[in-house]
Amino acid sequence: TLFPYTTLFRSLRSIKEIAINGSIEVMKLFRPQGHDKDRLFVMTAKYNAMILEVEGSGSDLEIVTKAYGDVSDKIGKKSETGIIAAIDPESRVIGLRLYDSLFKVIPLDRGQTELRAFNIRMEEIMIYDIKFLHSCQQPTIVLIHSDAHGRHVKTHELSLKNSEFDKVAWKQDNVERLATLLIPVPEPMGGVLIIGAESITYHNGHNYETIAPPSIQNSSIVAYTKIDSSKFLLGDMDGHLFLLLLQKEDKNERSSQVTMNLELLGETSIPETINYLDNGYLYIGSMLGNSQLIKLMDKPDEQGNFVEVVDNFTNLGPILDMIVVDLEKQGQGQLVTCSGGFKDGSLRIIRNGIGIHELASIDELPANTIKGIW
């Protein structure tokens with residue numbers, strides 16, 4: 001059983017909303033060492049960073065700022081491949097690539113109220129992704145970059161004492177030329193997954209394994225989430241949801257063989273982010289279509305899909321065009337929008353009125369049992 005169920009989700013409910021004075025570029029959860037509650041790292045487009053935490057419960061729930069700071073530099077060329085943020089699995093540091101040739105490090109210290117960062121010079125310029133590896137004695141990043149000779153994967157061990165990179169733990173030259181995504185793998189396997197347009201490669205510094213399943217040929221994996229140390233969910237630009245399973249055959253770390261198996265589960269909205277909730281349920285956050293609450297089933301339906309959409313969350317953006325029309329000829333204008341993109345593109349009609357949102361339902365009531373409705 002891949003997804004045992006102990007809890008049944010029917011919907012997600014908004015508990016608390018807060019205003020952020022800025023355009024959010026980065027949001028990442030992490031759990032500080034010795035804590036039993038996650039914190040949220042947020043950074044805006046103007047490089048104002050903050051760490052938020054939930055305190056209280058119920059009606060007394062509050063979002064408090066544990067630390068904040070300005071991590072911008074007065075001099076620096078903004079990276080052509082955009083902002084990249086990563087948090088060490090041991091919650092020792094936050095890493096940011098904001099400017100070309102610079103890697104910004106924010107140490108996470110207990111009780112800190114101000115976020116202060118230092119820069120480390122990097123020789124790699126065209127960087128597509130950066131992640132922290134699991135279970136390393138020192139914080140260690142793995143990055144994928146390109147140069148005139150191709151696309152390469154390299155690791156850097158970080159010394160907090162000296163505020164610099166100590167050494168290159170391992171590297172792999174000439175990986176797939178369209179690889180842009182890295183997925184760190186927790187223990188007991190460790191290592192990293194290199195996701196390309198035609199192949200998936202596992203590498204742990206000692207050996208590697210590559211698969212090229214037909215289901216991802218000419219696909220573009222854009223989001224992922226971890227179920228556990230050996231199961232990952234991948235989503236592509238066509239809205240396909242895949243399950244990637246890893247198996248370790250030998251106990252000897254240097255001679256162990258990791259096998260991979262990729263299965264197509266079904267179709268969802270085009271994901272911007274995927275978050276595994278619990279008990280076979282996940283949230284698909286989409287920028288090009290409706291976000292969704294998804295249930296993964298152990299057995300396929302009649303169409304062979306393992307995916308069931310439990311709830312949809314309406315998303316009108318991105319709106320490329322719009323027009324006001326009176327469809328019902330009653331003098332009340334309605335807005336027709338060209339919303340979404342790719343397979344999730346649609347025409348939406350927006351109007352004033354009263355809508356009904358179903359909260360719960362009871363099926364198959366005995367005849368003549370309803371005496372009144374309030």
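Every heavy atom of this structure was used, including side-chain atoms; hydrogens, water molecules and symmetry mates were not.
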Using a 3.5 Å distance criterion without hydrogens, assess whether the side chain of [X] forms a donor-acceptor pair with backbone atoms of [Y].
| X | Y | answer |
| --- | --- | --- |
| D73 | G76 | no |
| S286 | I270 | yes |
| N204 | N207 | yes |
| T44 | N48 | yes |
| N315 | G317 | yes |
| Q217 | E198 | yes |
| N305 | V307 | no |
| D109 | Q112 | no |
| D147 | G150 | yes |
| Q172 | K154 | no |

When rounded to the nearest 0.5 angstrom, what is the spacing between [atom1] in [X] and [atom2] in [Y]?
| X | Y | atom1 | atom2 | value |
| --- | --- | --- | --- | --- |
| S159 | Q138 | OG | CD | 6.0 Å |
| Y202 | I200 | OH | CD1 | 14.0 Å |
| K226 | N275 | NZ | CG | 12.0 Å |
| I18 | E62 | CD1 | CD | 10.0 Å |
| I216 | D238 | CD1 | CG | 12.0 Å |
| L108 | D88 | CG | CG | 8.5 Å |

For the [atom1] atom on [X], are there more than 12 heavy atoms of other groups (residues, nucleotides or ligands in this structure) within a distance under 6.0 Å?
| X | atom1 | result |
| --- | --- | --- |
| Q247 | CD | no |
| M50 | CE | yes |
| K16 | NZ | yes |
| K37 | NZ | yes |
| K343 | NZ | yes |
| F342 | CZ | no |

Is any side-chain heavy atom of [Y] closer than 4.5 Å to one of [X]?
| X | Y | result |
| --- | --- | --- |
| L335 | T337 | yes |
| M43 | V71 | yes |
| Y128 | R151 | yes |
| T65 | I51 | no |
| F306 | I294 | no |
| H240 | S215 | no |
| L158 | I141 | no |
| L233 | L243 | yes |

Without placing hydrogens or testing angles, list every side-chain donor-acceptor pair under 3.5 Å for residues 20-32, not counting sequence neighbours.
| from | atom 1 | to | atom 2 | distance (Å) |
| --- | --- | --- | --- | --- |
| R31 | NE | D38 | OD1 | 2.8 |
| R31 | NH2 | D38 | OD1 | 3.2 |

Same cluster (ILVMFWY, side-chain, under 4.5 Å), [X] and [Y]:
| X | Y | answer |
| --- | --- | --- |
| V142 | V105 | no |
| L143 | I194 | no |
| L181 | L234 | yes |
| V222 | L288 | yes |
| V153 | Y208 | no |

Is the distance between the ring centroids of W170 and H203 less than 6.0 Å? yes
Is the distance from the ring center of F242 to that of F232 below 6.0 Å? no
For [X] and [Y], which heavy atoms make the closest approach, and how far apart are they?
| X | Y | result |
| --- | --- | --- |
| I319 | L316 | CG1-O, 3.2 Å |
| F132 | G95 | CE1-N, 3.8 Å |
| Q137 | R92 | O-NH1, 2.9 Å |
| S229 | V185 | O-CG1, 3.8 Å |
| L241 | I274 | CD1-CD1, 4.1 Å |
| K46 | S72 | O-CB, 4.3 Å |

Kindly list each side-chain donor-acceptor pair under 3.5 angstrom involving residues 258-266, sequence neighbours excluded, with atom names and distances?
| from | atom 1 | to | atom 2 | distance (Å) |
| --- | --- | --- | --- | --- |
| N261 | ND2 | E263 | OE2 | 3.3 |

Carboxylate-amine/guanidinium contact [X] [Y], below 4.0 Å:
| X | Y | answer |
| --- | --- | --- |
| D129 | K131 | yes |
| R121 | E164 | no |
| R116 | E114 | yes |

Any pair with a residue in residues 142-163 that passes ring pair (Phe, Tyr, Trp, His ring centres under 6.0 Å), sequence neighbours left out, goes on the list, sorted by first then second residue, please. H145-H152, H156-F165
Begin from the C-alpha positions of Y276 and Y283 and carry the test ring-ring contact (aromatic ring centres under 6.0 Å, His included) through to its verdict. CA-CA 6 Å; Y276 186 73; Y283 178 78; over 10 Å; no
Is it the case that the side chains of [Y] and [X] hold a donor-acceptor pair, with the cut-off being a distance below 3.5 Å and no angle test?
| X | Y | value |
| --- | --- | --- |
| S79 | R97 | yes |
| N290 | D344 | no |
| E176 | S199 | yes |
| T201 | T210 | yes |

Using ring-ring contact (aromatic ring centres under 6.0 Å, His included), reason through Y99 and Y47 one step at a time and then give a plain yes or no. CA-CA 11 Å; Y99 306 98; Y47 301 156; 5.8 Å; yes
Given I183 and I195, is the side chain to side chain contact (heavy atoms under 4.5 Å, CB included) satisfied, shown in steps? CA-CA 8 Å; I183 302 177; I195 309 297; 3.9 Å; yes
One pair to check against side chain to side chain contact (heavy atoms under 4.5 Å, CB included): R39 and K66. What are the steps and the verdict? CA-CA 9 Å; R39 290 183 176 181; K66 290 296 184 178; 3.8 Å; yes
Starting from the C-alpha separation in whole Å, work towards a yes-or-no answer on side chain to side chain contact (heavy atoms under 4.5 Å, CB included) for L98 and L102. CA-CA 7 Å; L98 310 178; L102 291 177; over 6 Å; no
